[in-house]
Amino acid sequence: MRGGVPPSPVNSLLIAVRNHVWRYAIYDARPMKPRSISVRLQRTIHQSVHVSVPVTDEVMSQQSDGVTRLDPEKVFARATEIGSAEQHMWIVEDDHIEVHPFQTPPR
């Protein structure tokens, strides 16, 4: 006890250091400095774009009956390549911010 003022919950500050809690008693009535806590957020942005996939032998497959048809898996794979390789005007469809499930200290 310093200056005859006993510590109380109102003028005590709990500080967590390396998973240990230390109790600091503040014995004067000076206002505390503003404090902050870091919270990790994550942002998910969904974008879309239309790309033109050329109809070539690369996206076709031969069926068992001898007919050649478009292969959807090959078309979508080629569209993904085109979309990631070329510069397109992507349109933002959704922008969502939430608290990150894993809170880690800032770097």
query: Please walk me through it: do Leu41 and His100 pass side-chain contact (heavy atoms from CB on, under 4.5 Å)?
result: CA-CA 5 Å; Leu41 301 175; His100 197 283; 5.9 Å; no
field: Stepwise side-chain contact (heavy atoms from CB on, under 4.5 Å) test for Arg78 and Val51
entry: CA-CA 10 Å; Arg78 184 64 185 127; Val51 296; over 6 Å; no
query: When you measure from the side chain of His88 to the backbone N and O of Trp90, does any donor-acceptor pair fall under 3.5 Å?
result: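 Checking the backbone N and O of Trp90 against the side chain of His88, no donor-acceptor pair under 3.5 Å is found.
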message: Whether the side chain of Lys74 engages the backbone of Glu58 through a donor-acceptor N/O pair (distance < 3.5 Å, no angle test) should be reported.
response: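 Answer holds: no.
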Using every non-hydrogen atom in the two residues, find where [X] and [Y] come nearest and quote the distance to one decimal.
{"X": "Pro54", "Y": "Ile82", "value": "CD-CD1, 4.1 Å"}
{"X": "Val67", "Y": "Asp65", "value": "N-OD1, 3.2 Å"}
{"X": "Gln63", "Y": "Ser61", "value": "NE2-OG, 3.4 Å"}

Residues that, via side-chain heavy atoms closer than 4.5 angstrom, fall in one hydrophobic cluster with Ile45: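 Val92, listed by chain and number.
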query: Roughly how far apart are Leu70 CG and Met60 CE, rounded to 0.5 Å?
result: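 Reported value, rounded in 0.5 Å steps: 4.5 Å.
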query: Do Gln103 and Ser38 come within less than 4.5 Å of each other through their side chains, counting heavy atoms only?
result: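 The answer is no; the side chains never approach within 4.5 Å.
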query: Does His96 have any side chain to side chain contact (heavy atoms under 4.5 Å, CB included) partners at least two apart in sequence or in another chain, and if so, which?
result: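 If we apply the side chain to side chain contact (heavy atoms under 4.5 Å, CB included) test to His96, skipping adjacent residues, the hits are Asp94, Glu98.
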message: For a side-chain contact (heavy atoms from CB on, under 4.5 Å) check, start with the C-alpha distance between Met89 and Val49, then their side-chain angles and the critical distance, and finish with the verdict.
response: CA-CA 7 Å; Met89 296 298 295; Val49 68; 5.8 Å; no
field: For Arg43, salt bridge (Lys or Arg N to Asp or Glu O under 4.0 Å) partners two or more places apart
entry: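 Arg43 satisfies salt bridge (Lys or Arg N to Asp or Glu O under 4.0 Å) with Asp95 only.
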